[in-house]
Amino acid sequence: QLALILSGGGSVQPGGSLRLSCAASGRTFSTYAMAWFRQAPGKGREFVAVVSWNGGTKSLTDSVKGRFTISRDNTKNTVWLQMNTLPPADPAVYSCAAGSYRTPVTAYDNWGQGTQVTVSS
């Protein structure tokens, strides 16, 4: 399993932007698809975005298309989630995960520690 370390969370006003980073240890990073999920209090994990092992294929949940971007650099063992034009929302914990190129939470075996994102006035 990979060790995944997240950073970039915090508080931002509606309409603002944040960039989350997920850095992985080990040389096997490039063999995994990487995904981002989020979880609000009292709710289950929600799929946000996924990128294939070589960065050639990407998918985003409909609610963030046009505002969020997922990218990766296998030479740096890092995947990013750029979040723009953030709407007001309850605080949510964002997590990165390594696994197959799928959207269900059950597709992923390797999870990073979450980072909280808050969008409020």
Side-chain angles (χ1 to χ4, degrees):
Q1 294 186 348
L2 298 176
L4 304 174
I5 302 175
L6 278 68
S7 63
S11 298
V12 65
Q13 293 187 350
S17 298
L18 287 172
R19 185 176 70 174
L20 306 181
S21 297
C22 179
S25 65
R27 66 183 185 275
T28 61
F29 175 78
S30 63
T31 68
Y32 294 91
M34 296 295 299
W36 289 94
F37 292 81
R38 63 188 176 191
Q39 185 174 23
K43 300 181 180 179
R45 276 177 171 156
E46 176 190 18
F47 168 78
V48 177
V50 61
V51 59
S52 62
W53 68 273
N54 63 354
T57 306
K58 301 176 182 179
S59 182
L60 298 165
T61 192
D62 287 344
S63 64
V64 306
K65 289 179 179 177
R67 298 186 298 108
F68 286 17
T69 302
I70 185 171
S71 60
R72 70 187 296 165
D73 186 341
N74 289 345
T75 68
K76 302 182 182 298
N77 278 14
T78 302
V79 62
W80 297 271
L81 183 68
Q82 178 68 46
M83 305 185 294
N84 296 329
T85 318
L86 287 162
D90 293 332
V93 174
Y94 280 70
S95 301
C96 65
S100 60
Y101 187 79
R102 297 171 61 187
T103 59
V105 65
T106 54
Y108 300 91
D109 297 322
N110 302 286
W111 292 87
Q113 182 177 338
T115 185
Q116 184 167 291
V117 173
T118 301
V119 186
S120 63
S121 300

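Bear in mind that the values here come from a model prediction, so they are computed numbers and not experimental data.
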Of the non-hydrogen atoms in [X] and [Y], which two are nearest, and what is the gap between them?
| X | Y | answer |
| --- | --- | --- |
| T57 | Y101 | CG2-OH, 3.0 Å |
| L18 | V12 | CD1-CG1, 4.0 Å |
| G114 | S95 | CA-OG, 3.7 Å |
| S25 | L2 | O-CD2, 3.3 Å |
| R72 | S52 | NH1-O, 2.8 Å |
| F47 | L60 | CE2-C, 4.2 Å |

Do other residues, nucleotides or ligands put more than 12 heavy atoms under 6.0 Å from K76 NZ?
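Open: at most 12 neighbouring heavy atoms sit under 6.0 Å from NZ of K76.
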For atom CD of Q113, decide whether the heavy atoms of other residues, nucleotides or ligands shown that lie under 6.0 angstrom number more than 12.
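Not buried by this count: 12 neighbours or fewer within 6.0 Å.
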Would you check if [X] and [Y] make a side-chain contact, meaning some heavy-atom pair closer than 4.5 Å?
| X | Y | value |
| --- | --- | --- |
| L20 | F68 | no |
| S7 | S21 | yes |
| P14 | S121 | yes |
| V93 | T115 | no |

Find out whether the Lys NZ or Arg CZ of R45 is both under 6.0 angstrom from the six-membered ring centre of Y94 and within 45° of the ring's axis.
no
Supply the atom-to-atom distance [X] [atom1] to [Y] [atom2], rounded to the nearest 0.5 angstrom.
| X | Y | atom1 | atom2 | result |
| --- | --- | --- | --- | --- |
| R19 | N84 | CZ | CG | 11.0 Å |
| T75 | F29 | OG1 | CZ | 10.0 Å |
| L86 | S11 | CG | OG | 11.5 Å |
| L4 | N77 | CG | CG | 10.0 Å |

Return yes if a side-chain donor-acceptor contact under 3.5 Å exists between D73 and T78, otherwise no.
no
Check whether [X] reaches the backbone of [Y] with its side chain - one donor and one acceptor, N or O, closer than 3.5 Å.
| X | Y | result |
| --- | --- | --- |
| N74 | W53 | yes |
| T106 | P104 | no |
| D90 | A40 | no |
| R67 | T85 | yes |
| Y108 | M34 | no |

Are V50 and V48 co-members of a hydrophobic cluster defined by side-chain heavy atoms under 4.5 Å apart?
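No; tracing contacts between hydrophobic side chains, which count when under 4.5 Å, never links both residues.
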Could you go through the side chain to side chain contact (heavy atoms under 4.5 Å, CB included) check for R38 and V64 one step at a time?
CA-CA 12 Å; R38 63 188 176 191; V64 306; 4.1 Å; yes
When C96 is tested against each of W111, W36, W80, F37 for side chain to side chain contact (heavy atoms under 4.5 Å, CB included), which residue passes?
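Considering W111, W36, W80, F37, a side chain to side chain contact (heavy atoms under 4.5 Å, CB included) with C96 is found only for W36.
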